[in-house]
Colleague: 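Mind having a look at this structure? Questions to follow.
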2 protein chains.
Amino acid sequence: MASGAPVRPLRADARRNRERLLAVAEEVFAAKGTGASTEEIARQAGVGIGTVFRHFPTKEALLAAVFLGRFERLGEQARALSTAAEPGPAFFEFFTLVVDQAPAKNAFADAMEQAGVDVQGVTSGIAGELTAALEELLGRAQAVGAVRADLGVAELKALLVGASRAVEFAGDREACARTLAVFVDGMRPTGG
Amino acid sequence: MASGAPVRPLRADARRNRERLLAVAEEVFAAKGTGASTEEIARQAGVGIGTVFRHFPTKEALLAAVFLGRFERLGEQARALSTAAEPGPAFFEFFTLVVDQAPAKNAFADAMEQAGVDVQGVTSGIAGELTAALEELLGRAQAVGAVRADLGVAELKALLVGASRAVEFAGDREACARTLAVFVDGMRPTGG
DNA sequence: CTAGAATCGGAGTTGTGACTCCGATTACAC
DNA sequence: GTGTAATCGGAGTCACAACTCCGATTCTAG
């Protein structure tokens, strides 16, 4: 199960390059979509193409690494908010938070769909943690009656993706706010 | 403004091929995304690549033609429903209708964003009609108090795109229904 | 039926982007 | 400081997809 190779720590310059590449890739993919070329990323990171492929054997691997990082951070945020005193506001804060980071999140959905990659597979470990954190956050909010009871984590994920798309499409800030309000109100319990 | 060339009617076989291409392209783009190759479309339509490019000088033009057709049909459906006796149910029926046709609709959003094409420009005429029909449909539903008053056509479009994405992501039919319910309830008037 | 124009088909061109390879360079142990 | 193994850089390869071109084919007017 656990991989056999002991993986000695990377040389300092290699580690720097790897981190820089991840940061730049996240930015570029968010800005230009997942169709952005690896050459573009290499150039912006100030390294050669060879270096990109040394660290990430395929473009898909690079994408996966970027999304894994994003998932990790989302999971942390969700966990942090899931211990908040008021589960209701915490839940909606998280929702808004994710949607505000929409561009990168959409790049994620795009990539996974287009590449035909198995989302559950590639990101299984981290995604599992994220799912658990979402479950906690959602469950608590439902327990205090802040969120309708007929929603599960699957629906929540779908709504996160949909909301990200929607606000990206809405344009100006006020339209975004009104659009987001529909999601928020729609997730509240029906009929009081 | 009106173009000068009198455009003589196409030869019978040419018109057949053109229609067949549009139909096949819509299917293929919906199934495999807008990244599907023109060769694939030509093959499935049973024509040569040359024929595709004779009718649609670029791939982008083919995409635009497909979406124009879709917009046209949506506009018709919206217009038909906008004269219904009960504006509220008519509005929500239209919303559901569009979302059920999600795949193709998403292909639209993808293409326009990725290609960097000006949506308003390419589809201006038809999109204008669609917008007008949406406005009518929305306005009537709001007038009878079936839909919250703070939504405009821009928000409605964003919600249509977002909902399409969301249900596409949701997976099984029941999750889709619960997800859609969030949209529907969220668009209803608040506190009333 | 025939002439001739419109249309078709698909091999070939061109451009782009993922990925490889290996000599040059650099970090680290001693 | 020096040896050496890890890392870097980027020219070159390969595959694929958009688009062109022109001889072959098909439609239609007469």
Side-chain angles (χ1 to χ4, degrees), chain A residues 5-26 28-29 31-67 107 110-112 114-117 122, chain B residues 5-25 27-29 31-67 107 110-112 114-117 122:
Chain A
V7 188
R8 109 179 43 181
L10 286 174
R11 231 169 65 175
D13 55 344
R15 212 169 56 79
R16 257 198 315 274
N17 278 335
R18 192 175 194 285
E19 275 165 22
R20 184 159 177 66
L21 274 171
L22 274 176
V24 169
E26 181 159 2
V28 174
F29 285 142
K32 308 210 169 183
T34 55
S37 72
T38 48
E39 257 184 89
E40 164 111 24
I41 290 164
R43 205 177 332 117
Q44 288 211 28
V47 303
I49 312 169
T51 303
V52 180
F53 284 98
R54 158 168 299 274
H55 289 291
F56 307 98
T58 65
K59 184 184 180 177
E60 201 178 283
L62 174 56
L63 275 170
V66 168
F67 298 139
D110 286 359
M112 290 302 161
Q114 299 250 345
V117 175
V122 172
Chain B
V7 188
R8 107 179 43 183
L10 286 173
R11 230 169 67 175
D13 55 345
R15 212 169 58 77
R16 256 199 316 273
N17 278 334
R18 191 175 196 284
E19 274 165 22
R20 184 159 176 65
L21 274 171
L22 274 175
V24 169
E27 236 174 84
V28 174
F29 285 143
K32 308 210 170 185
T34 55
S37 72
T38 47
E39 256 184 90
E40 164 111 25
I41 290 164
R43 204 178 332 118
Q44 289 213 26
V47 303
I49 311 169
T51 302
V52 180
F53 284 97
R54 158 167 299 274
H55 288 291
F56 307 97
T58 65
K59 183 184 180 178
E60 200 177 286
L62 174 56
L63 275 170
V66 169
F67 298 138
D110 285 359
M112 290 302 160
Q114 298 250 347
V117 175
V122 172

Colleague: Whole angstroms only, please: what is the CZ-P distance between B:R20 and C:dG9?
Modeller: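 Distance check: B:R20 CZ to C:dG9 P gives 12 Å.
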Colleague: Identify the two heavy atoms, one from B:R18 and one from B:L10, that lie closest to each other, and give their separation to 0.1 Å.
Modeller: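 For B:R18 versus B:L10, the nearest heavy atoms are CD-CD1, 4.1 Å.
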Colleague: Minimum heavy-atom separation for B:T51 to B:L21, with atom names?
Modeller: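 Reported closest heavy-atom pair: O-CD1, 4.3 Å.
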Colleague: Tell me if the side-chain of A:R11 makes a donor-acceptor pair with the base of C:dT26, cut-off 3.5 Å, by modelled atom types.
Modeller: yes
Colleague: Report yes if at least one side-chain N or O of B:T38 is closer than 4.0 Å to OP1 or OP2 of D:dA18; otherwise report no.
Modeller: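 Checking D:dA18 against B:T38, a side-chain N or O does come within under 4.0 Å of OP1 or OP2.
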Colleague: Roughly how far, to the nearest 0.5 Å, is the OG1 atom of A:T38 from the CD1 atom of A:I49?
Modeller: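 If I round to the nearest 0.5 Å, the distance is 6.5 Å.
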Colleague: Take atom CZ of A:F53 and atom P of C:dG17, then tell me their distance rounded to the nearest Å.
Modeller: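 So the two atoms are 12 Å apart, to the nearest Å.
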Colleague: Roughly how many Å is it from CD1 in A:I41 to C1' in C:dA18, rounded to a whole number?
Modeller: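 These atoms are roughly 12 Å apart.
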Colleague: For A:R54 and C:dG23, what is the distance between atoms CZ and P respectively, to the nearest whole Å?
Modeller: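 Value for this atom pair: 15 Å.
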Colleague: Taking the nucleotide of DNA chain D with the closest heavy atom to each, which residue, B:A36 or B:R16, is nearer the 5' end?
Modeller: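 Here B:A36 is the residue nearer the 5' end.
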Colleague: Nearest-Å distance, CZ (B:R43) to P (C:dC8)?
Modeller: 19 Å
Colleague: OP1 or OP2 of D:dT7 less than 4.0 angstrom from a side-chain nitrogen or oxygen of A:H55, does that happen here?
Modeller: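 A:H55 to D:dT7 OP1/OP2: no side-chain N or O under 4.0 Å.
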Colleague: Between B:N17 and C:dT7, is there a side-chain N or O to OP1/OP2 distance below 4.0 Å?
Modeller: no
Colleague: From D:dT7, C:dT7, C:dG17, pick the nucleotide closest to the side chain of A:S37?
Modeller: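 The closest nucleotide is C:dG17.
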Colleague: For B:L10 and for B:I49, locate the closest nucleotide of DNA chain C by heavy-atom distance; then report the residue assigned to the nucleotide nearer the 5' terminus.
Modeller: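 It is B:L10 whose nearest nucleotide is closer to the 5' end.
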Colleague: If you look at every strand shown and take non-hydrogen atoms under 4.0 Å, does B:A12 touch a base, only sugar-phosphate, or nothing?
Modeller: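 Sugar-phosphate contact only - B:A12 comes under 4.0 Å of backbone atoms but never of a base.
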Colleague: Determine the minimum heavy-atom distance between A:F29 and A:K59, stating which atoms define it.
Modeller: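 That closest heavy-atom pairing would be CE2-CE, 4.1 Å.
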Colleague: When you check the gap from the basic side-chain N to the acidic O, do B:E19 and B:R15 get nearer than 4.0 Å?
Modeller: yes
Colleague: Among the nucleotides C:dC8, D:dA18, D:dT7, which one has an atom lying closest to any side-chain atom of B:K59?
Modeller: D:dA18
Colleague: Can you tell me the distance, in whole Å, between the CG atom of A:L21 and the P atom of D:dT7?
Modeller: 14 Å
Colleague: How many Å lie between CG on A:D13 and P on C:dA27, as a whole number?
Modeller: 6 Å
Colleague: Without decimals, in angstroms, what is the distance between B:E39 CD and D:dC16 C1'?
Modeller: 9 Å
